[in-house]
Amino acid sequence: MTYLLPLLAAVALNTADRTLTRASLRRHDLADEFLLVYQLTSTVLTAPFAVLALARGGIRGTVPGGTLLLLLAGSVVCWTVYSVYAFRSAARLELSVASTISRLRLVLVAVLGVLFFGETISGTHAIGLAVLLAAYIPLTRLPGTRVDRLGVVYCLLSTVGITGALLFDKALARGLDPAVIVFVGFAGTLVTGFRLNRGLSWRAARPVLGPAAVAGAAGAAGYYALVAALATGPAVVVLPVYQASAFLYVLVGVVFLAESADWRRKVLSAGLSLAGALLVLHG
């Protein structure tokens, strides 16, 4: 399983990214400003690697040019939707709650992986996905006052966006080096970041500049590792295990972000998520 090492790196870096993002936006409701700095940092960091990859033959020619352009456009649109609404939901929802809601993508990814990539779902895979979805149940019993409804809508929109983005990138990995795919995703979303922040006062955005830059660096490295894992591993395994990092989100939220209210339900949810991921991995 050559994809296992980059997959674990992606989980660790993504956890650091999401934790820092939630900690910052909980204190400062500057989601669009955070988005701009995050994407700018990620674009700058990934650009040299994309150039090097292209110089080494990063376009493999295995995907027709027209198809490649359509896939790139789809990836950019989906990553833009994900990024905008993921940061807005992070400003409104606890990390542990948002990560559980976003598990909707697991079913979407599995079904679309079968339809478009010819992948198969074994009985154990199916049980694992069912357990992952069951992890949502304990959070449905949280008091409504703890769950921001607009935050839930943002989270669902970001879930749909990232599901599409990951599948587009899975297809792109057949014809492009992962470094190029990562750069295009960040650069495309950066355009939207500038449009959302026309007339931005950098002084007003100062509280999130540092955290957004660090989170952007972790996010760029983490997504590169994820694309590398997708390039060699099946989406029906890689993506559910990647999403099982929600278990870490809950622990971090409870211990470091003071999200300890109803912690038993959150830990139960996280435990089910971990069990489901293990079933998917070994299915």
Side-chain angles (χ1 to χ4, degrees), residues 3-28 30-50 53 75 79-80 82-91 93-96 98-99 102 105 155 158-159 161-162 165-166 169 178-190 192-193 205-231 238-239 241-257 259 270:
Y3 61 86
L4 188 57
L5 185 58
L7 177 56
L8 293 176
V11 168
L13 290 163
N14 185 59
T15 300
D17 170 13
R18 293 287 297 274
T19 301
L20 186 56
T21 297
R22 170 57 184 166
S24 179
L25 292 179
R26 183 181 60 174
R27 294 192 299 270
H28 309 286
L30 298 168
D32 290 345
E33 293 85 347
F34 195 100
L35 165 70
L36 175 59
V37 178
Y38 183 105
Q39 298 298 336
L40 181 59
T41 302
S42 300
T43 302
V44 170
L45 289 176
T46 56
F49 297 98
S75 175
W79 274 116
T80 299
Y82 165 71
S83 298
V84 170
Y85 291 109
F87 290 123
R88 292 182 179 181
S89 69
L93 291 178
E94 291 184 352
L95 180 60
S96 52
S99 63
S102 68
R105 79 187 71 171
C155 190
S158 72
T159 297
I162 195 172
L166 292 173
D169 289 358
V180 179
I181 297 172
V182 172
F183 169 75
V184 170
F186 284 123
T189 305
L190 178 61
T192 300
R206 186 178 298 171
V208 298
L209 293 181
V214 174
Y223 190 60
Y224 179 85
L226 178 60
V227 172
L230 281 170
V238 172
L239 295 179
V241 174
Y242 176 70
Q243 293 309 314
S245 56
F247 183 79
L248 299 177
Y249 298 161
V250 172
L251 296 181
V252 170
V254 170
V255 176
F256 298 107
L257 300 180
E259 296 178 356

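For reference, positions follow the sequence shown, starting with 1.
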Under 3.5 Å, side chain of Arg26 to main-chain N/O of Glu94, donor-acceptor pair present? no
Side-chain touch Ile162/Trp79, heavy atoms, less than 4.5 angstrom: yes
Just jot down the side-chain contact (heavy atoms from CB on, under 4.5 Å) partners of Thr192, sequence neighbours excluded, or say none. Thr80, Val84, Leu196
How close do Pro6 and Ala228 get, heavy atom to heavy atom, and via which atoms? CB-CB, 4.3 Å
Nearest heavy atoms of Val182 and Thr46, plus distance in Å: CG1-CG2, 3.7 Å
Heavy-atom closest pair, residues Ala213 and Val37: N-CG1, 3.9 Å
Could you work out, with ring-ring contact (aromatic ring centres under 6.0 Å, His included) as the rule, every residue matching Phe34, not counting sequence neighbours? Phe87
Any residue meeting side chain to side chain donor-acceptor pair (under 3.5 Å) with Ser24, in chain and number order, not counting sequence neighbours: none
Contacts of Ala221 meeting side-chain contact (heavy atoms from CB on, under 4.5 Å) (sequence neighbours excluded), chain-then-number -> Leu13
Quick one: list whatever passes side-chain contact (heavy atoms from CB on, under 4.5 Å) with Ala16, sequence neighbours left out. none
On a heavy-atom basis, which atom in Val180 and which in Ala53 lie closest, and how many Å separate them? CG2-CB, 4.0 Å
Looking at residues at least two apart in the chain, or sitting in another chain, which of them share a side chain to side chain donor-acceptor pair (under 3.5 Å) with Tyr223? Asp169
Among Leu40, Thr41, Val44, the one residue meeting side-chain contact (heavy atoms from CB on, under 4.5 Å) with Leu190: Leu40
Correct closest heavy-atom pair for Ala10 and Gly222 would be CB-O, 3.5 Å
List in chain and number order the residues that pass ring-ring contact (aromatic ring centres under 6.0 Å, His included) with Tyr85, two or more places apart in sequence or in another chain; answer none if no residue qualifies. Tyr154
Residue set satisfying side-chain contact (heavy atoms from CB on, under 4.5 Å) with Arg206, at least two apart, ordered chain then number -> Arg203, Leu209
Pairwise salt bridge (Lys or Arg N to Asp or Glu O under 4.0 Å) hits with a residue in residues 34-44, at least two apart: none
Applying side chain to side chain donor-acceptor pair (under 3.5 Å) to Thr21 and not counting sequence neighbours gives Asp17
Could you list the residues that satisfy side chain to side chain donor-acceptor pair (under 3.5 Å) with Glu33, not counting sequence neighbours? none
